Amino acid sequence: MARDAARARSRISVNRAPVLTLWAAVVAQRLGFAWDEALTLGRAVAGLNAYSKGKALGLFHPKPAEVRKRRKAPGRGKPLTVHLLSRAVTVRRTPEGLRALAKGKPVSPEGVEAYVEAKFGADYSATRKAMQALARSLPREALASRAYRLYESFRPAVPGGRRGWGKAGVLSLSRIRRLASSAGGTTR
């Protein structure tokens, strides 16, 4: 009975977006960002990834009026770029620290944390700890260059194309733990 409960906790049914959000935040923290900053970066990485995939599937189309509106919007402070998991994330310094931007506004770290906690539920702490162990298993430079490939090796499997858009798959914490213990998450 206890073995079944432990095995059930090692397999979580979840969509890819919160998995990528949490993984990118864990990686950002390991690379030196404060947790609040890292959460906003994680949210931005997942958003950029979803937008790119949605465009490729023909779900999103550029809207000329929106592009013109964005180009004319006044900028507040000089935006910076942070490269994380093969994405260029636009950030801005705020009194609270760096914050990734979404639609030109700083992302709320509290909102991101509430989102991932809700998506993982009781498995949030175990998932975060497994990801942190994987991130710590590599030197920072190696993690920075391999973080997205590592994500690809443990992300939940979903059907390809439009059929898989927004669908939950199974995240294996055992897989993440094995990657962490096998010479720094060697990917195949």
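Below, each value reflects all heavy atoms present in this structure, side chains not excepted, and no hydrogens, waters or symmetry copies. Since the model is a prediction, treat every value here as computed from it, not as a measurement.
- Between atom CG of residue Leu171 and atom CZ of residue Arg155 there is a gap of 12.0 Å, rounded to the nearest 0.5 Å.
- Scored by the side-chain hydrogen bond (donor to acceptor under 3.5 Å, both in side chains) test, Glu152 finds no partners at all (sequence neighbours excluded).
- Applying the ring-ring contact (aromatic ring centres under 6.0 Å, His included) test to Phe120 and every residue at least two apart in sequence or in another chain returns nothing.
- The CG atom of Leu85 lies 11.0 Å from the CZ atom of Arg149; values are rounded to the nearest 0.5 Å.
- Put simply, Val82 and Leu101 are part of two different groups of oily side chains (I, L, V, M, F, W, Y) that touch within less than 4.5 Å, one to the next.
- The side-chain contact (heavy atoms from CB on, under 4.5 Å) test with Arg99 is passed by exactly one of Val91, Leu39, Asp36, Val107: Asp36.
- Here OG of Ser137 is found 13.5 Å from CZ of Arg177. Values are rounded to the nearest 0.5 Å.
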**Message:** Apply side-chain contact (heavy atoms from CB on, under 4.5 Å) to residues Arg92 and Leu98 and explain how you reach the verdict.
**Reply:** CA-CA 6 Å; Arg92 182 166 286 134; Leu98 288 179; over 6 Å; no

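- Counting only residues at least two apart or in different chains, ring pair (Phe, Tyr, Trp, His ring centres under 6.0 Å) contacts with residues 81-117 are absent.
- Taking each heavy atom of Val89 and Ala44 in turn, the nearest pair found is CG1-CB, 3.4 Å.
- Nearest heavy-atom pair, Ala100 versus Thr40, reported as atom, atom and distance to 0.1 Å: N-OG1, 3.0 Å.
- Legend: residues meeting side-chain hydrogen bond (donor to acceptor under 3.5 Å, both in side chains) with Thr94, ordered by chain and number and at least two apart, are Glu96.
- Note: Met131 CE to Arg136 CZ = 13.0 Å, rounded to the nearest 0.5 Å.
- Here the shortest heavy-atom pairing between Thr21 and Val112 reads CG2-CG1, 3.7 Å.
- By the side chain to side chain contact (heavy atoms under 4.5 Å, CB included) test, Ser145 is found to be paired with no residue, residues two or more places apart in sequence or in another chain being considered.
- Judged as a salt bridge (charged side-chain N to carboxylate O under 4.0 Å, His left out), the pairs with a partner in residues 106-119 (not counting sequence neighbours) are, in order, Glu113-Arg128.
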Sequence neighbours excluded and cut-off under 3.5 Å, please list the side-chain donor-acceptor pairs for residues 23-33, or say none.
| unit_1 | atom_1 | unit_2 | atom_2 | d |
| --- | --- | --- | --- | --- |
| Trp23 | NE1 | Ala147 | O | 3.0 |
| Arg30 | NE | Ala135 | O | 3.1 |
| Arg30 | NH2 | Leu138 | O | 2.9 |

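- The OG1 atom of Thr90 sits 10.5 Å away from atom CG of Leu41, with the distance rounded to the nearest 0.5 Å.
- With sequence neighbours excluded, the residues satisfying side-chain hydrogen bond (donor to acceptor under 3.5 Å, both in side chains) with Tyr148 are Asn49.
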**Prompt:** Stepwise, does the side-chain contact (heavy atoms from CB on, under 4.5 Å) test hold for Tyr124 with Leu22?
**Reply:** CA-CA 9 Å; Tyr124 172 71; Leu22 183 57; 4.0 Å; yes

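- Contact record, Leu150 with Ser153: O-OG, 2.6 Å, taken as the closest heavy-atom pair.
- Between Pro156 and the options Val170, Val14, Ile12, Asn15, a side-chain contact (heavy atoms from CB on, under 4.5 Å) holds for only Val14.
- Residues Ala130 and Ile176 come closest through the heavy atom pair O-CG2, 3.4 Å.
- Between Arg175 atom CZ and Leu179 atom CG the span is 4.0 Å, to the nearest 0.5 Å.
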**Request:** Take Ser125 and Lys129 through the test side-chain contact (heavy atoms from CB on, under 4.5 Å) and record every step on the way to the result.
**Result:** CA-CA 6 Å; Ser125 180; Lys129 286 178 185 174; 3.6 Å; yes

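- Contact annotation: the side chain of Arg178 approaches that of Ser174 to within less than 4.5 Å [non-hydrogen atoms, C-beta and beyond].
- Considering every non-hydrogen atom in both Val45 and Leu84, the closest pair reads CG2-O, 3.7 Å.
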